[in-house]
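Notes to accompany the following structure.
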Amino acid sequence: MTEEINDLIKGRLQKLDEFKAAGVNPYPYTYNITTNSKEIKDKYEKLEGHDESPEEVSIAGRLMTKRGHGKTCFAHLQDGIGKIQIYAKQEALADSYELFQKLDTGDFIGVKGKVFRTKTGELTIRVVEWQLLAKSVHPLPEKWHGLQDKELRYRHRYVDLMVNQEVKDLFVKRSKIVSQIRKFLEERGFMEVETPLLHVLQGGAAATPFKTYHDALSMPLFLRIAPELYLKRLLVGGFEKVFELGRVFRNEGMSYKHNPEYTMLEVYQAYVDYNHIMEMTEELVTFVLKETLGTLEVEYKGHKLNFKRPWKRITLIDALREHGGVDLTGKNEGEIREIAKKKGIEGANELGFGKLINVLYDKFVEADFIQPTFVIDHPLETTPLAKKKRDDENKVERFELIVAGMEIANAFSELNDPIDQRGRLEKQSNLKAAGDKEAESMDEDFLLALEYGMPPAGGLGIGIDRLVMIATGAESIRDVLLFPHMRPLG
RNA sequence: GACCGGCUAGCUCAGGUGGUAGAGCAUCUGCCUUUUAAGCAGGGGGUCCUGGGUUCGAAUCCCAGGCCGGUCACCA
């Protein structure tokens with residue numbers, strides 16, 4: 001067994017033997033169901049008094065509660081969509097009633113019978129035939145309080161899902177959000193693609209990668225931190241609208257909004273700029289919220305978020321001044337470093353300039369934006385893959401979408417000038433050589449692709465987990481991940 | 001990584017200013033033919049996270065460690 005055997009498990013194992021002794025296979029192969037708990041409730045909603053459904057139903061599920069009364073027994077069966085009460089009677093089941101009494105909560109069974117309403121008004125299946133489908137040998141959590149311990153809920157998510165309906169509901173919602181995203185993009189002519197997760201080089205984002213190793217080629221590899229550079233190669237190849245929805249891996253700490261692996265959507269469209277992408281981001285998010293929640297007003301962590309378009313736009317410089325009390329207007333790099341130092345930024349002189357701006361921004365601004373806000377036009381040094389702003393050489397055409405103090409999306413007018421791109425990657429490369437673990441690698445093949453010519457394009461990345469957090473009210477990213485990253489026990 | 005808090009029965013939780021651990025649910029036995037947190041009566045179940053120390057005696061106090069949560073830091 002998976003742990004030391006206590007009396008509860010011993011008792012269940014003994015019952016397992018008793019079923020076998022009675023000639024029952026406790027783990028049979030199939031069971032024919034004709035319906036489910038929800039269909040039954042919908043179909044027989046009008047059933048009254050002593051009426052019975054004209055036909056028998058056959059359903060299967062997990063026994064969640066059991067209330068024996070001597071010669072009768074009530075129980076609740078939980079299937080994939082809900083719960084329904086069943087009623088077993090010695091008179092109707094004859095010999096098999098004795099075995100029915102041996103069932104434990106947690107067991108899977110299939111039952112057959114007509115539907116009636118009890119005198120307390122609950123639709124119930126009167127069991128005429130039943131079959132054990134899988135014996136449970138481990139006791140369920142308590143029926144009233146369920147499983148509360150967060151650690152156990154994350155580590156044993158399967159138990160959390162079986163006893164906490166709202167957890168199941170949340171992951172159903174997550175799945176709907178993801179399919180609505182696909183629907184939105186496909187309706188607009190975007191094609192879903194898959195690019196490598198195993199990367200030879202580190203690129204596409206500022207993040208520390210996980211390292212792995214390929215034995216056959218005797219070479220180190222990185223788990224991808226972003227699909228960006230491959231998706232842009234597809235623009236070079238001639239695809240005009242592509243997206244990828246998949247996992248990325250970042251070798252960083254964990255927090256309520258960070259998990260080392262998370263789901264990212266990246267979208268690229270040829271012949272448009274970040275202004276177009278900003279519009280599309282508003283459309284995408286409002287479409288998804290409407291389709292899944294039916295509203296653009298969302299309650300999150302005590303805030304009433306309103307996603308009605310258009311969303312606020314503010315330049316990063318203005319955001320720093322208005323929300324961070326840091327005025328960088330007309331300042332040169334040295335003056336800005338002085339300001340940062342006064343604001344208590346550690347290593348204000350050692351950090352790269354781009355990184356310094358990011359630190360200022362993260363520290364003084366991000367948490368301040370609660371309503372959906374586009375922060376736009378970042379300093380050039382922060383963003384090596386974005387095009388320079390058309391009327392300001394020192395900035396790039398980039399936006400981040402902030403909601404509830406979290407970065408939800410990041411996008412730019414994509415840099416397609418191979419000479420400029422080479423220069424910027426060279427700077428990254430120098431930073432890397434100087435010890436910056438997050439700096440990007442020089443990717444000669446990507447540069448070669450740009451040399452062939454990449455059309456002007458807008459690109460977008462959306463953190464799906466954070467979007468789901470906001471749509472579901474989840475306070476921690478762990479609550480929207482089925483199996484969040486956990487330190488192993490012992 | 002720092003600080004704070006938590007860890008007691010399968011689950012949810014009490015308790016413990018140091019004297020050898022409790023409740024509810026679950027489980028087991030008996031009674032019970034429409035219950036639904038079914039009921040009544042009785043029973044069993046513990047590495048009080050781990051290791052060390054202080055003590056006649058540690059689940060309780062002290063030290064170290066583990067895991068989890070929160071805050072901060074790191075990190076888009």
Side-chain angles (χ1 to χ4, degrees), chain A residues 3-12 14-15 50 64-76 83-93 97 102 104-106 116-124 126 136-156 159-160 163-164 205-208 225-226 248 250-260 262 264 344-347 354-355 357-359 361-363 365-367 375 378 382-383 398 400-402 405-410 437-438 461 463 466 475-476 478 484 486-490:
Chain A
E3 57 185 74
E4 38 187 299
I5 298 185
N6 65 38
D7 288 348
L8 296 176
I9 292 175
K10 223 179 276 174
R12 283 166 180 253
Q14 194 185 325
K15 284 178 177 173
H50 295 290
M64 297 304 288
T65 57
K66 201 176 146 218
R67 296 175 292 282
H69 302 78
K71 295 188 177 62
T72 68
C73 182
F74 283 94
H76 274 99
K83 279 183 195 173
I84 191 157
Q85 183 168 254
I86 62 174
Y87 177 57
K89 222 171 154 182
Q90 187 178 51
E91 201 176 291
L93 294 179
Y97 185 74
K102 290 192 196 298
D104 290 308
T105 56
F116 73 107
R117 203 176 277 285
T118 63
K119 65 183 181 192
T120 51
E122 181 161 353
L123 276 181
T124 302
R126 192 189 306 277
S136 163
V137 296
H138 202 104
L140 251 43
E142 203 225 349
K143 64 182 173 186
W144 189 241
H145 299 94
L147 190 65
Q148 300 291 335
D149 186 293
K150 279 197 174 182
E151 178 170 359
L152 292 178
R153 293 178 59 186
Y154 295 144
R155 286 191 192 277
H156 302 154
V159 183
D160 193 24
V163 301
N164 293 323
T208 312
I225 54 174
V248 297
R250 299 191 177 181
N251 207 337
E252 300 162 352
M254 291 134 74
S255 79
Y256 77 94
K257 55 181 172 180
H258 296 92
N259 194 68
Y262 66 97
M264 173 114 104
I345 303 292
E346 281 175 50
K355 188 155 267 188
I357 299 293
N358 276 335
V359 170
Y361 171 74
D362 287 346
K363 202 169 169 102
V365 181
E366 192 176 72
V375 175
H378 297 56
T382 61
T383 319
R398 172 180 177 187
E400 290 181 283
L401 171 62
I402 311 298
M406 291 192 292
E407 180 195 336
I408 301 296
N410 184 21
K437 283 187 182 170
E438 297 184 352
R466 291 179 181 175
E475 297 202 344
S476 166
R478 297 179 157 202
M486 300 288 276
R487 202 185 294 264
L489 290 174

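The analysis underlying the following values was restricted to heavy atoms, covering all of them including side chains, and did not include hydrogens, waters or symmetry mates. Letters A, B, ... mirror the listed sequences (proteins, then strands); counts begin at 1.
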(Q) Using only atom types and a distance under 3.5 Å, with no angle test, would you say the side chain of A/Lys257 pairs donor to acceptor with the backbone of A/Glu407? (A) no
(Q) On RNA chain B, compare the nucleotides closest to A/Asn410 and A/Lys119; which residue's is nearer the 5' end? (A) A/Lys119
(Q) If you assign each of A/Lys71 and A/Thr382 to its closest nucleotide in RNA chain B, which residue comes earlier from the 5' end? (A)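 First, find each residue's nearest nucleotide; the 5'-ward one identifies A/Lys71.
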Separation of [N] [atom2] from [X] [atom1] (nearest whole Å):
X	N	atom1	atom2	answer
A/Met406	B/rC75	CE	C1'	15 Å
A/Arg153	B/rC67	CZ	P	22 Å
A/Met486	B/rG66	CE	C1'	13 Å
A/Arg117	B/rU34	CZ	C1'	14 Å
A/Glu151	B/rC7	CD	P	13 Å
A/Leu152	B/rC49	CG	P	14 Å
A/Met64	B/rC11	CE	P	15 Å
A/Arg67	B/rA37	CZ	P	8 Å

Is there a donor on the side chain of [X] or the base of [N] sitting less than 3.5 Å from an acceptor on the other?
X	N	result
A/Thr118	B/rU35	yes
A/Glu122	B/rU34	no
A/Gln90	B/rU33	no

Q | Sequence-distant partners of A/Lys102, salt bridge (Lys or Arg N to Asp or Glu O under 4.0 Å), two or more places apart | A | A/Glu18
Q: Output all residues satisfying salt bridge (Lys or Arg N to Asp or Glu O under 4.0 Å) with A/Arg12, sequence neighbours left out; order by chain, then residue number.
A: none
Distance-minimising heavy-atom pair for [X] and [Y]:
X	Y	value
A/Ala88	A/Tyr97	O-CE1, 3.7 Å
A/Gly253	A/His258	O-CB, 3.7 Å
A/Thr65	A/Thr105	CA-CG2, 3.9 Å

Is [X] near enough to [N] that one of its side-chain N or O atoms lies under 4.0 angstrom from OP1 or OP2?
X	N	answer
A/Arg250	B/rC75	no
A/Arg487	B/rC68	yes
A/Asn6	B/rG10	yes

**Q.** Same-atom distance (P) from B/rA23 to B/rA14, integer angstrom
**A.** 16 Å
(Q) Between B/rG15 and B/rC56, how many Å separate the two P atoms, rounded to a whole number? (A)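 It comes out at 30 Å once rounded to the nearest Å.
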(Q) Can you see whether A/Tyr262 engages A/Arg466 through a side-chain donor-acceptor pair at a distance of less than 3.5 angstrom? (A)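 No, no side-chain donor-acceptor contact under 3.5 Å.
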(Q) In the structure I gave you, are the side-chain heavy atoms of A/His378 and A/Ile357 within less than 4.5 Å of one another anywhere? (A) no
Q.
Among residues at least two apart in sequence or on other chains, which ones pass side-chain hydrogen bond (donor to acceptor under 3.5 Å, both in side chains) with A/Asp160?
A.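 Partners of A/Asp160 by the side-chain hydrogen bond (donor to acceptor under 3.5 Å, both in side chains) criterion, ordered by chain and then number, come out as A/Arg153, A/Arg157, A/Asn164.
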Q. Who passes side-chain hydrogen bond (donor to acceptor under 3.5 Å, both in side chains) against A/Thr208, sequence neighbours left out?
A.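 Once residues adjacent in sequence are excluded, A/Thr208 has no partner under the side-chain hydrogen bond (donor to acceptor under 3.5 Å, both in side chains) criterion.
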Quick check for you: among [options], whose closest atom lies nearest to any side-chain atom of [X]?
X	options	result
A/Thr124	B/rU12, B/rU35, B/rC75	B/rU35
A/Arg155	B/rC75, B/rC67, B/rC11	B/rC67
A/Glu252	B/rC75, B/rU33, B/rU35	B/rC75

**Q.** Distance in Å, A/Asn259 CG paired with A/Met254 CE, rounded so as to fall on 0.5 Å steps
**A.** 6.0 Å
(Q) Categorize A/Phe116 for me: base, sugar-phosphate, or nothing, with a 4.0 angstrom heavy-atom threshold over every strand shown. (A)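 Counting heavy atoms under 4.0 Å across all strands, the contact made by A/Phe116 includes a base.
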Q. At under 4.0 Å between heavy atoms, what does A/Gln148 touch on the DNA or RNA strands: base, sugar-phosphate, or nothing?
A.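 It contacts sugar-phosphate atoms only.
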Q: Identify all stems in which RNA chain B takes part, counting only runs of at least 3 consecutive pairs (Watson-Crick or G-U wobble, each distance under 3.5 Å), and give each as one range with another, ordered by first number.
A: B:1-7 with B:66-72, B:10-13 with B:22-25, B:27-31 with B:39-43, B:49-53 with B:61-65
Q | Reading 5' to 3' through nucleotides 24-31 of chain B, protein heavy-atom contacts under 4.0 Å coded B for base, S for sugar-phosphate only, - for none | A | BBSSS---
